[in-house]
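Here the structure is laid out as structure tokens; the discussion comes afterwards.
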Amino acid sequence: LKTADDRYRLKDGVHMIMYISTPPCGDASMRFLATFQDEEMAALKDSAIFPPLAPNVASRGRDNYSLFGVLRTKPGRADSAQTLSLSCSDKIARWNVLGIQGALGSAFFHPIYLTKIIIGDVPPDLHDVVKSDCERAFWGRLQEVYGLPEGYKLNRPEVQFTSVAFVHSRSAQEHSSLAQRSCNESLTWVADSTSPHEVLINGLKRGVSPKYRYKTMFWPRLSKVSLFHLYRKTKNTENVPSESTYYETKESMTQYQIAKSCLLGEGRPFSGWIRSGARWENFVSSSDNEQQSTN
């Protein structure tokens with residue numbers, strides 16, 4: 001529904017519902033995962049000693065696993081490579097303040113919030129525990145967020161469970177006669193889209209030669225550069241300086257950045273959020289950039 005400021009909001013009665021096949025990694029699933037640990041692993045974690053975690057620092061994966069309400073990086077395994085990515089629980093919590101539309105999307109939409117989060121693969125006897133942990137992880141730890149611009153709020157989606165099994169879930173595969181191993185592939189699919197689904201390996205389209213992977217037609221549709229390209233195309237490039245980078249364009253979304261500071265700023269609940277910043281986002285969406293990348 002178009003509003004007076006030429007942006008859009010969801011029509012009354014239209015809701016955003018998120019389905020997750022298992023409790024999301026990070027703060028929402030710490031106790032859930034602990035219930036399935038064998039005694040040897042539990043004893044090992046209990047005996048591990050970690051330095052005190054500063055309030056503005058994210059925990060490394062499942063380190064300090066007895067701490068609740070803290071930011072955590074992913075993946076959680078101690079033997080995996082460390083990344084700059086925060087856990088799924090943290091990202092959902094961030095959406096509950098900033099909305100799922102992101103900085104670029106805020107140029108077109110008022111904040112879009114989730115109404116429900118439906119989670120699978122949780123035994124009935126753990127529903128109360130997981131629901132309590134999800135409510136803490138998704139919004140309970142953000143009670144001190146204040147000063148949000150008009151239209152932004154601390155959203156509290158309803159947490160529900162489903163008994164319908166996801167056939168490709170880890171628990172389903174464990175009971176399969178065929179041995180299945182996790183892999184580094186991901187699938188993106190959009191219902192009713194004329195574009196085919198995409199299979200990505202380490203963030204790049206599968207089957208594309210390294211020589212061509214930076215060409216526009218081979219950009220993954222959910223990559224930052226593709227979203228920036230779509231933004232410029234939708235916004236009309238006449239109104240967007242061609243030299244503006246992805247980072248600069250995001251920073252120009254004033255209201256969104258104010259809301260972001262209320263969540264991630266110094267002394268705020270998510271002050272330990274690891275930011276990509278200009279170092280990783282100082283790129284443009286242009287044929288010149290593409291040519292430079294392929295040379």
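All residue numbers in this chain count up from 1 along the given sequence.
With salt bridges taken as basic N to acidic carboxylate O contacts below 4.0 Å, one links Arg136 and Asp133.
Leu187 belongs to a hydrophobic cluster whose other members, connected by ILVMFWY side-chain contacts under 4.5 Å either directly or through intermediates, are Val199. Hydrophobic cluster of Leu67: the remaining members, joined at side-chain heavy-atom separations below 4.5 Å, are Leu53, Val57, Val70, listed by chain and number.
Put simply, the side chain of Lys153 reaches to within 4.5 Å of the side chain of Tyr113, judged on heavy atoms. Residues Lys250 and Leu104 meet the side-chain proximity criterion, which asks for heavy atoms closer than 4.5 Å.
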For residues 269-278, dump all side-chain donor-acceptor pairs below 3.5 Å to protein atoms at least two apart in sequence or in another chain.
| unit_1 | atom_1 | unit_2 | atom_2 | d |
| --- | --- | --- | --- | --- |
| Ser271 | OG | Arg268 | O | 3.4 |
| Arg275 | NH2 | Leu264 | O | 3.3 |

Atom pairs and distances, side-chain donor-acceptor, residues 118-130, under 3.5 Å, sequence neighbours left out:
| unit_1 | atom_1 | unit_2 | atom_2 | d |
| --- | --- | --- | --- | --- |
| Asp121 | OD1 | Ser171 | OG | 2.7 |
| Asp121 | OD2 | Ser171 | OG | 3.1 |
| His127 | NE2 | Val122 | O | 3.2 |

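Every side chain to side chain contact (heavy atoms under 4.5 Å, CB included) that Asp5 has, sequence neighbours left out, goes to Thr3, Arg7, His110.
Side-chain contact annotation: Ser252 with Thr249, donor-acceptor N/O pair under 3.5 Å absent. A donor and an acceptor atom, one from each side chain of Gln257 and Gln255, are nowhere located under 3.5 Å apart.
A ring-ring contact (aromatic ring centres under 6.0 Å, His included) check over residues 10-32, counting only residues at least two apart or in different chains, returns the pairs Phe32-Phe36.
When ring centroids are compared, Phe108 and Tyr231 come within the 6.0 Å threshold.
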